[in-house]
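The structure appears below as structure tokens.
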Amino acid sequence: DYTLQVSQMRAVESADAVILNGGGLEDFLGDVLASADSVIDTSKDMELSCGHQHEGHDHEHDPHFWLSPEKAKQMSQNIYTELCELYPNYQGEFTVNFAELLAKLNALQAYGEEELSNLKNRHLITFHDGFSYFAESFDLHILKAVEEESGSEASAKELIEIIDLVNEHSLPAIFTECNGSTAAATVISAETGAKVYALDMAMGGSSYFDAMYHNIRTVKEALG
């Protein structure tokens with residue numbers, strides 16, 4: 001339900017290229033993209049997981065695939081390929097930068113696999129439904145993802161279900177999203193003793209790599 005500001009619409013109209021995440025994340029752009037000279041969809045040829053079913057909709061694809069370093073490499077490849085076509089004079093520079101980025105993403109994946117290899121518990125309960133690709137990347141299992149938004153907080157029935165899951169799996173921690181609601185997590189923590197940790201969707205002010213390394217370290221601290 002995000003709405004573009006007039007200044008943002010003008011920016012799209014005047015841009016040589018607009019780079020989209022894709023996977024349905026930017027449906028709000030609607031007809032605005034028709035005025036863009038070139039659109040680069042980073043989800044091209046991406047194998048997407050099904051997200052949660054929302055009221056009035058069929059199962060939608062989960063568009064949060066950047067939280068997988070391997071899928072971030074595929075996104076980067078799509079951007080690189082399209083930019084080389086748009087700006088062939090800069091292909092040499094793009095190639096150097098792309099290689100550096102791939103090396104950083106490979107290092108990130110290796111770091112996560114190493115740090116999270118010997119956890120005492122590999123189960124997550126998250127208060128955002130966008131961490132499935134992150135979990136898959138590092139052999140973690142999401143028991144339940146609760147999408148809490150203003151006006152649609154977790155129900156009493158859902159809270160009881162989560163409390164039972166925490167107790168059944170002896171979870172030492174549950175996970176909120178850095179900018180998300182902590183209301184339900186606070187209740188569950190009080191009932192079960194599980195600590196509350198915050199994961200980062202890498203959509204805020206920090207860099208992608210800062211957010212991803214934060215998430216890996218946080219999960220290790222919480223479940224290690």
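The chain is numbered in sequence order, starting from 1. The figures that follow rest on heavy atoms only: side chains count, while hydrogens, waters and symmetry mates do not.
Using a 4.5 Å heavy-atom threshold, the side chains of L67 and M212 count as touching. D164 is not listed as a side-chain neighbour of E161, based on a closest heavy-atom distance of 4.5 Å or more. Within the 4.5 Å cutoff, the side chain of N215 has heavy atoms near those of the F134 side chain. The closest side-chain heavy-atom distance from Y208 to L105 is below 4.5 Å. The shortest distance between side-chain heavy atoms of F131 and E177 falls below 4.5 Å. With contacts defined as side-chain heavy-atom distances shorter than 4.5 Å, the pair L86/I40 qualifies. Taking 4.5 Å as the limit, some side-chain heavy atom of L48 sits within range of a side-chain heavy atom of Y133. No side-chain heavy atom of E114 sits less than 4.5 Å from a side-chain heavy atom of F138.
No donor-acceptor pair closer than 3.5 Å links the side chain of S43 to the backbone N or O of M46. Side-chain atoms of E26 come within 3.5 Å of backbone N or O of N21 as a donor-acceptor pair. Panel note: side chain N78, backbone T42; a donor-acceptor pair is recorded below 3.5 Å. In terms of modelled atom types and a separation under 3.5 Å, the side chain of T182 and the main chain of A185 share no donor-acceptor contact. Not one N or O on the side chain of E82 forms a donor-acceptor pair closer than 3.5 Å with the backbone of I19. D129 places no side-chain N or O within 3.5 Å of a backbone atom of A145 that could act as its donor or acceptor partner. The backbone N or O of L223 lies less than 3.5 Å from no partner atom in the side chain of R122, so there is not a single donor-acceptor pair.
Taken from CE in M9 to OG1 in T3, the straight-line distance is 10.0 Å, to the nearest 0.5 Å. How far CG of N106 is from CG of L101: 9.5 Å, rounded to the nearest 0.5 Å. Rounded to the nearest 0.5 angstrom, E85 CD and Q91 CD are separated by 9.5 Å. Within the model, atoms NZ of K220 and CG of N118 stand 8.5 Å from one another, a figure rounded to the nearest 0.5 Å. With rounding to the nearest 0.5 angstrom, the CD1 atom of I125 is 10.5 Å from the CD1 atom of I142. With values rounded to the nearest 0.5 angstrom, S189 atom OG is found 10.5 Å from I163 atom CD1.
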Would T81 and Q77 count as a side chain to side chain donor-acceptor pair (under 3.5 Å) here? Give the steps. CA-CA 6 Å; T81 301; Q77 174 73 63; 3.1 Å; yes

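For E93, the CD atom counts as loosely surrounded, since its 6.0 Å shell holds 12 or fewer non-hydrogen atoms of other residues, nucleotides or ligands.
Counted by atom type alone, D62 and H64 present one or more donor-acceptor pairs between their side chains at under 3.5 Å. A donor-acceptor pair shorter than 3.5 Å cannot be found between the side chains of E136 and S132. A donor-acceptor contact under 3.5 angstrom links the side chains of E113 and Q109, judged on distance only.
Taking the ring axis of F209 as reference, the NZ or CZ atom of K104 stays within 45° of it and closer than 6.0 Å to the ring centre.
In terms of heavy atoms, G130 sits closest to H128 at N-ND1, 2.9 Å. Taking all atoms of both residues into account, the shortest heavy-atom contact from L116 to L119 is O-CG, 3.7 Å.
Ion pairing of R10 with E13 is absent here, as no side-chain N (NZ or NE/NH1/NH2) approaches a carboxylate O to less than 4.0 Å.
In terms of the ring pair (Phe, Tyr, Trp, His ring centres under 6.0 Å) criterion, residue partners of Y213 (sequence neighbours excluded) are, by chain and number, Y111. Legend: residues meeting ring pair (Phe, Tyr, Trp, His ring centres under 6.0 Å) with Y87, ordered by chain and number and at least two apart, are absent. Residues that satisfy the side chain to side chain donor-acceptor pair (under 3.5 Å) test with Q8, not counting sequence neighbours, are Y2.
Hydrophobic clustering places I79 together with Y90 (ILVMFWY residues linked when any side-chain heavy atoms are closer than 4.5 Å, directly or through intermediates). One hydrophobic cluster holds both W66 and I216 under the rule that ILVMFWY side chains link at heavy-atom gaps under 4.5 Å. Hydrophobic clustering keeps L199 apart from L171 (ILVMFWY residues linked when any side-chain heavy atoms are closer than 4.5 Å, directly or through intermediates). Cluster membership check: F175 shares its hydrophobic cluster with M203, using side-chain heavy-atom separations under 4.5 Å among Ile, Leu, Val, Met, Phe, Trp and Tyr.
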